[in-house]
Protein chains: 2
Amino acid sequence: MNEVLVRVSSEAQQREARLLQALRDAGLRLTPQRRAICHYLAHTDAHPTAQQIFAAVKPEFPSLSLATVYNTLDALVRLGAVHALGGAGDGAIHYDADLRPHVNLACLQCHRMVDLPCEAVADLNRRVTAESGYRILGARLVYYGLCPDCQRTAREASPTP
Amino acid sequence: MNEVLVRVSSEAQQREARLLQALRDAGLRLTPQRRAICHYLAHTDAHPTAQQIFAAVKPEFPSLSLATVYNTLDALVRLGAVHALGGAGDGAIHYDADLRPHVNLACLQCHRMVDLPCEAVADLNRRVTAESGYRILGARLVYYGLCPDCQRTAREASPTP
DNA sequence: TTTCCACCTTAGAATTACTCCAAGTTTGGA
DNA sequence: TCCAAACTTGGAGTAATTCTAAGGTGGAAA
């Protein structure tokens, strides 16, 4: 196992510990279902929807209900432990347990969502902090559009730039 | 009528003209329904959902169909003439005809949300467009934190920064 | 360790936002 | 004016999310 993989694994474990601690601190119970949901959220780089989380955790808990997934996600979002990213064009909400400042890119056609590390985000953070008078605790930056692949598809369909 | 109202009205008229021109330029037809939807979008400061637009325009066009609203909004978003803002917590998509760069500031304590005009947003837009390879059609930039009033309240309650 | 109850999970029905479709209507160029 | 392409409409259909009532369980207190 190389250095990068070790570091990534460590980050995921830290994320998982942070999610569980947030639930504990709020006086909420750590049921096996909630632990499994937090584990999956912390260890994925995708930005899964509630349905995808349900499908991923279901094999481990065959009795798992969608309502439990929604309940847990709602709690984590209200505690500020995960970010809810909506409007990817598929009508679903995507969840992101990575709270470090970054831009999310959502494709309105294929509905995939990816991260974009961006130096300009730090600059925006500084300016918003300085100009707003707010004590900034977090940010959700989502850009919507067409990914390179879907732009190519659209151009082939209608050759009007 | 004072100077501010005149200026606001002028901006709304410019927005409306821009929306209609975008449809014309794309070779789409300017039906009365589409004109009414553009008029409402350009003259509201709220970020209405498709349902709200439908309810607002319906009195003028009793035969108006929701499908027409969605069709028109879809065209305007694809043309980049309005921004689609998802994930407001209500599962619906909100539309914004104000393309000027700004961020939303949400206070976690008093739950008020305000706009912050910010030059740095234009810079971020440029960088995201250049670095991502995406065709950007919209964005939702939300910062969470404590507004000045609630910071003062929090300091008085627990004097540990 | 045992008890107990407030909180949690579950299944399925209900709600809501949005999309699809076929038929009738209208726009805007020729 | 004429007409084909584009648009509108109403209703049915799809998918995400929320609600509800009944049974189950985590974890603090005894």
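Each chain gets a letter, A, B and so on, in the order its sequence line appears, and its residues count up from 1. Please read all numbers here as calculations on a predicted model, not as lab measurements.
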Engineer: C:dT27 C1' sits how many Å from B:L20 CG, rounded?
Structural biologist: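 After rounding, the reported distance stands at 15 Å.
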Engineer: Does A:R24 put a side-chain nitrogen or oxygen below 4.0 Å from OP1 or OP2 of D:dG27?
Structural biologist: no
Engineer: Rounded off to whole Å, could you give me the CZ-to-C1' distance for the A:R34 and D:dG27 pair?
Structural biologist: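 That distance rounds to 13 Å.
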Engineer: Can you pull every protein N or O that's under 3.5 Å from an N or O on nucleotides 14-21 of chain C?
Structural biologist:
residue : atom : partner : partner atom : Å
C:dC18  : OP1  : B:I93   : N            : 3.0
C:dC18  : OP2  : B:Y70   : OH           : 2.7
C:dC18  : O5'  : B:Y70   : OH           : 3.3

Engineer: A:A56: what forms a side chain to side chain contact (heavy atoms under 4.5 Å, CB included) with it, not counting sequence neighbours?
Structural biologist: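 A:A56 satisfies side chain to side chain contact (heavy atoms under 4.5 Å, CB included) with A:Y40 only.
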Engineer: Write down the distance between CD1 (B:I37) and C1' (D:dT9), rounded to a whole number of angstrom.
Structural biologist: 13 Å
Engineer: Starting at atom CG of A:L73, determine the distance to atom P of D:dT17, rounded to an integer number of angstrom.
Structural biologist: 9 Å
Engineer: Distance check: side-chain N/O of A:N71 vs OP1/OP2 of C:dT9, anything under 4.0 Å?
Structural biologist: yes
Engineer: Using nucleotides 23-26 of chain D, report all nitrogen or oxygen pairs with the protein that are shorter than 3.5 Å.
Structural biologist:
residue : atom : partner : partner atom : Å
D:dG26  : N2   : A:R29   : NH2          : 2.9

Engineer: More than 12 non-hydrogen atoms from neighbouring residues, nucleotides or ligands closer than 6.0 Å to CZ on A:R112, yes or no?
Structural biologist: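 Result for CZ/A:R112: open.
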Engineer: Taking atom CG of A:D98 and atom CZ of A:R15, what is their separation to the nearest 0.5 Å?
Structural biologist: 5.5 Å
Engineer: Roughly how many Å is it from NE2 in A:H94 to C1' in D:dA16, rounded to a whole number?
Structural biologist: 11 Å
Engineer: Would B:E11 and B:R100 pass as an ion pair if we require N to O under 4.0 Å?
Structural biologist: yes
Engineer: Can you name the residues that form a side chain to side chain donor-acceptor pair (under 3.5 Å) with B:Q52, not counting sequence neighbours?
Structural biologist: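 Applying side chain to side chain donor-acceptor pair (under 3.5 Å) to B:Q52 gives none.
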Engineer: Less than 4.5 Å apart, side chain to side chain, heavy atoms only: is that true for B:C38 and B:L23?
Structural biologist: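 Result yes, sub-4.5 Å side-chain heavy-atom pair found.
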Engineer: Give me each pair satisfying side-chain hydrogen bond (donor to acceptor under 3.5 Å, both in side chains) with a member in residues 127-139 of chain B, each pair once, sequence neighbours excluded.
Structural biologist: B:D123-B:R127
Engineer: Just to be sure I understand the geometry, which residues of residues 55-64 of chain B put a non-hydrogen atom under 4.0 Å away from DNA chain D?
Structural biologist: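 Residues of residues 55-64 of chain B under 4.0 Å from DNA chain D: B:S63, B:L64.
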Engineer: What are the two closest non-hydrogen atoms of B:L66 and B:F54, and how far apart are they?
Structural biologist: N-CE1, 3.6 Å
Engineer: Roughly what angle, to 10°, lies between the helix axis at the start of the helix from C:dT1-D:dA30 to C:dA30-D:dT1 and the one at its end, five pairs per end?
Structural biologist: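 The angle, to the nearest 10 degrees, is 50°.
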Engineer: State which residues pass side chain to side chain donor-acceptor pair (under 3.5 Å) with A:R29; sequence neighbours excluded, sorted by chain then number.
Structural biologist: none
Engineer: Is it the case that B:H83 and B:D96 place a side-chain donor and acceptor less than 3.5 Å from each other?
Structural biologist: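 Distance-only check fails for B:H83 and B:D96.
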Engineer: Would you say B:Q33 places a side-chain N or O within less than 4.0 Å of OP1 or OP2 belonging to C:dT26?
Structural biologist: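 So the side chain of B:Q33 is outside the cut-off, no N or O lying under 4.0 Å from OP1 or OP2 of C:dT26.
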Engineer: Please list, chain by chain and in numerical order, all residues satisfying side chain to side chain donor-acceptor pair (under 3.5 Å) with B:H39, sequence neighbours excluded.
Structural biologist: B:E16
Engineer: According to salt bridge (Lys or Arg N to Asp or Glu O under 4.0 Å), does anything in residues 62-75 of chain A pair up with another residue at least two apart or in another chain? List the pairs.
Structural biologist: A:D74-A:R78
Engineer: Quick one: is D:dT8 close enough that its OP1 or OP2 comes under 4.0 Å of any side-chain N or O from B:S65?
Structural biologist: no
Engineer: Can you tell me the distance, in whole Å, between the CZ atom of A:F54 and the C1' atom of C:dT10?
Structural biologist: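 Rounded to the whole Å, the gap is 10 Å.
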Engineer: Can you list every pair that meets ring-ring contact (aromatic ring centres under 6.0 Å, His included) and has a residue in residues 58-81 of chain B, with sequence neighbours left out?
Structural biologist: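 Every pair satisfying ring-ring contact (aromatic ring centres under 6.0 Å, His included) with a residue in residues 58-81 of chain B: there are none.
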Engineer: Going by the rule side chain to side chain donor-acceptor pair (under 3.5 Å), which residues pair with A:R24 if we only count those two or more places apart in sequence or in a different chain?
Structural biologist: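 In terms of side chain to side chain donor-acceptor pair (under 3.5 Å), with neighbours along the sequence ignored, A:R24 is linked to A:Q21.
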